[in-house]
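Notes to accompany the following structure.
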Amino acid sequence: MIDIKLIREDPELVRENIRKKFQDEKLPLVDRALELDRLNRAAINEASDLRAKRNQLSKKVGMLMGQAKKDPAKAEEAEAVKAQVKADGERLSELEGLEEKYAAELHAVMMKIPQIIDASVPIGPDDSHNVEVQRFGEPAVPDFEIPYHTDIMESFNGIDLDGARRVAGNGFYYLMGDVARLHEAVLAYARDFMIGKGFTYVIPPFMMHGAIVEGVMSQSDMDAMMYKIEGEDLYLIGTSEHSMIGRYIDQILPEASLPHTLTSYSPCFRKEKGAHGVEERGVYRIHQFEKQEMIVVCKPAESMEWYERLWRYSVELFRSMDIPVRQLECCSGDLADLKVKSCDIEAWSPRQQKYFEVCSCSNLGDAQARRLRIRIKGEDGRTYLAHTLNNTCVAPPRMLIAFLENNLSADGSVRIPEVLRPYMGGKERLERCPKV
RNA sequence: GCGGAAGUACCCAAGUGGCCGAAGGGGCUCCCCUGCUAAGGGAGUAGACGUCUAAACCGCGUGCGAGGGUUCAAAUCCCUCCUUCCGCGCCA
């Protein structure tokens with residue numbers, strides 16, 4: 001969400017930004033916003049004048065009523081003033097209706113106008129124009145065949161998709177044995193990794209109110225992603241970012257307390273409508289997964305610096321588990337409407353011989369902060385909007401695909417990288433086991 | 001979940017229809033007085049949001065948990081909801 005003042009002062013900049021994102025159908029929204037803003041302010045001004053008048057006259061009634069005890073003539077005068085106020089009442093309630101109507105419409109329009117993207121974002125209509133920035137580690141292709149990830153998991157008796165389908169349907173999983181333990185090991189390792197970077201570990205609510213949902217994500221994302229609890233104003237979180245950023249709703253943070261650097265764990269629930277749908281056979285795109293996340297709330301001037309730091313943490317984390325990765329920058333057309341700049345960290349899949357998304361790092365600028373009214377109080381007493389960022393540390397079980405494929409040996413065993421061994425009871429390898 | 005109580009500014013707290021945007025106290029800030037300091041005196045202390053403005057000040061509007069309603073006028077009356085506290089119940 002952008003500032004309405006920006007549209008007042010420089011509508012062309014906002015239009016240009018919409019064009020850069022290949023959303024020309026939204027161009028009329030700019031003029032619509034200007035019009036609604038004008039109407040809204042006119043209504044506010046007139047209503048405000050009427051209220052001022054009413055307040056004055058009502059006080060006068062009060063005074064006259066007081067005097068009426070000694071001088072009955074004053075009572076009549078009071079009645080006359082009452083009638084005056086009542087006369088304006090109709091116009092005032094009409095204006096109040098208009099205020100509400102215009103404000104609501106304006107808000108709806110403003111929610112659709114995308115955040116101003118950073119000047120450095122590459123321009124392109126869709127994800128095919130995303131830009132590979134840099135690779136980390138050698139994308140190796142072994143001389144033996146790498147099975148599909150669920151087959152690798154099955155070779156350790158580590159997954160049951162059939163059972164999950166019976167219980168919850170497609171898009172769920174049972175992880176078992178060493179694979180389940182590995183899943184938790186990766187999360188625990190990522191947690192400690194971030195604690196080591198000075199982040200505070202947080203376990204947030206896994207559900208949230210509708211008002212928070214609207215603040216942290218766009219309407220289209222909400223429809224495509226969120227599960228609603230029947231009969232309650234509660235949604236299952238799609239990522240801990242939602243409840244982590246939501247925590248700051250209506251808060252004014254002392255400047256000295258910044259930056260807030262948090263690493264949160266949560267299960268994540270997603271409908272995955274649209275996108276490419278839920279995968280039939282595997283744990284790449286599913287309705288439920290777990291994630292260790294990074295969250296930063298900081299001063300506006302520092303958000304780009306944090307953005308750079310955050311995605312590098314992901315790279316460092318994956319490299320420490322011997323997984324080759326690359327940084328892929330999101331182009332303008334692929335950037336969600338709330339984001340200023342974003343990149344994916346993609347892990348190498350030796351089986352498919354291509355990179356696939358495992359982390360997503362975003363600088364939201366003041367977009368979430370404006371929607372949720374997250375402000376900072378400066379030393380000079382002024383308040384201003386914070387910036388928010390988020391990034392994935394690890395999101396298994398998808399992340400396990402990269403892990404298993406890259407650490408698989410010709411004999412079918414999987415090497416446990418040293419950093420994970422303390423979380424696996426010292427185990428150095430996962431060995432194939434007979435089918436149960 | 002049931003019963004009871006309560007939500008007023010940084011904190012405590014008075015206020016049941018009219019100069020109440022809100023007494024009083026504490027705290028905090030500034031000033032003065034006094035060399036003996038768990039001292040005295042004075043002043044200030046809604047923040048926020050909206051509007052107005054080139055911007056700011058000022059002004060105006062909103063604001064007493066939230067949202068509605070009654071009224072010329074609501075902290076005060078009515079309705080709904082939320083939160084907290086105390087019992088009871090249930091439960092990892």
Side-chain angles (χ1 to χ4, degrees), chain A residues 1-11 13 33-107 109-110 203 205-215 229 231-235 246-257 266-267 366 369-386:
Chain A
M1 193 177 206
I2 61 171
D3 193 343
I4 182 67
K5 283 185 190 149
L6 184 63
I7 299 186
R8 278 182 215 155
E9 285 160 17
D10 195 351
L13 178 115
L34 281 170
E35 172 71 0
L36 285 167
D37 178 47
R38 199 180 55 72
L39 289 168
N40 189 36
R41 283 191 290 159
I44 288 170
N45 279 323
E46 195 185 337
S48 172
D49 285 348
L50 282 177
R51 283 193 203 99
K53 192 175 158 194
R54 182 191 64 191
N55 290 345
Q56 275 182 347
L57 291 177
S58 288
K59 278 195 175 176
K60 200 170 160 190
V61 173
M63 275 191 288
L64 289 168
M65 302 276 276
Q67 293 166 5
K69 284 169 193 157
K70 294 176 182 169
D71 179 359
K74 296 287 183 185
E76 274 178 50
E77 210 178 311
E79 287 307 315
V81 178
K82 273 191 198 181
Q84 260 187 72
V85 184
K86 198 160 194 172
D88 284 335
E90 202 174 313
R91 177 64 182 155
L92 183 57
S93 59
E94 185 186 339
L95 285 166
E96 281 173 344
L98 286 176
E99 275 183 286
E100 204 175 318
K101 176 170 169 277
Y102 292 143
E105 281 182 36
L106 180 59
H107 187 253
V109 169
M110 293 302 288
I203 298 173
F206 302 153
M207 297 186 202
M208 59 184 165
H209 291 312
I212 305 293
V213 180
E214 281 163 27
I229 304 294
E232 312 240 8
D233 178 24
L234 284 173
Y235 292 79
R247 174 172 176 249
Y248 290 94
I249 188 169
D250 286 319
Q251 299 304 296
I252 300 179
L253 311 168
E255 205 170 54
S257 75
S266 84
D366 61 10
R370 180 166 292 106
R371 286 185 173 195
L372 293 171
R373 299 166 298 279
I374 304 170
R375 290 95 91 211
I376 300 171
K377 190 166 205 68
E379 302 293 335
D380 59 1
R382 293 187 171 281
T383 58
Y384 53 95
L385 292 171

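Below, each value reflects all heavy atoms present in this structure, side chains not excepted, and no hydrogens, waters or symmetry copies.
- Straight-line distance from the CG atom of A:Asp49 to the P atom of B:G61: 9 Å, rounded to whole Å.
- Residue contacts shown for A:Arg370 are absent, as no nucleic acid heavy atom lies under 4.0 Å away.
- Minimum atom distance to the side chain of A:Ser58 is reached by B:A73, of the listed B:U51, B:A73, B:G61.
- B:U62 and B:C10 have their C1' atoms separated by 22 Å, with the value rounded to a whole Å.
- Closest to the side chain of A:Arg375, out of B:U62, B:U51, B:C49, is B:C49.
- A:Leu253 has its CG atom 19 Å from the P atom of B:G47, to the nearest Å.
- The C1' atoms of B:U45 and B:A23 are separated by 16 Å, rounded to the nearest whole Å.
- Counting non-hydrogen atoms of other residues, nucleotides and ligands closer than 6.0 Å to CD of A:Glu94 gives a total above 12.
- A 3.5 Å limit on both hydrogen-bonding distances identifies B:U29 as the Watson-Crick or G-U partner of B:A43.
- Put simply, the side chain of A:Asp37 never gets that close to the backbone of A:Ala33: no donor and acceptor are under 3.5 Å apart.
- Atom CG in A:Leu95 sits roughly 14 Å away from atom C1' in B:U51 (whole-Å rounding).
- Rounded to a whole angstrom, the distance from the C1' atom of B:A5 to that of B:G68 is 25 Å.
- When distances are taken from the side chain of A:Ile252 to each of B:A48, B:G61, B:U51, the shortest belongs to B:A48.
- Here the separation of B:U76 from B:C19, taken at their P atoms, is 14 Å to the nearest Å.
- Between A:Arg54 and A:Glu96 there is no salt bridge, since no side-chain nitrogen of the basic residue lies less than 4.0 Å from a carboxylate oxygen of the acidic one.
- Using N1 to N3 plus N6-O4 or O6-N4 for Watson-Crick, or N1-O2 and O6-N3 for G-U wobble, each under 3.5 Å, B:A14 pairs with nothing.
- Among B:A56, B:C72, B:C49, the nucleotide with an atom closest to any side-chain atom of A:Val61 is B:C72.
- Within the shown strands, B:G61 is the pairing partner of B:C49 under the Watson-Crick or G-U definition, both distances less than 3.5 Å.
- B:C77: Watson-Crick or G-U partner is B:G69, with both key distances under 3.5 Å.
- For CZ of A:Arg247, the number of neighbouring non-hydrogen atoms (other residues, nucleotides, ligands) closer than 6.0 Å is 12 at most.
- Of the candidate nucleotides B:C72, B:U62, B:C52, B:C52 has the atom lying nearest to any side-chain atom of A:Arg41.
- Closest to the side chain of A:Arg51, from the set B:U51, B:A48, B:G61, is B:G61.
- B:G35 is unpaired under the criterion used here, namely a Watson-Crick or G-U wobble arrangement in which both key atom distances are under 3.5 Å.
- Here the nucleotide nearest the side chain of A:Arg54, chosen from B:C49, B:U51, B:U62, is B:U62.
- Of the candidates B:U51, B:A48, B:C60, the closest approach to any side-chain atom of A:Ser48 belongs to B:C60.
- Around atom CD of A:Glu100, no more than 12 heavy atoms belonging to other residues, nucleotides or ligands sit under 6.0 Å away.
- Nucleotide B:A6 is matched to B:U83 when pairs are restricted to Watson-Crick or G-U wobble geometry with both distances under 3.5 angstrom.
- Distance check on atom C1': B:G67 versus B:G63 gives 14 Å, rounded to whole Å.
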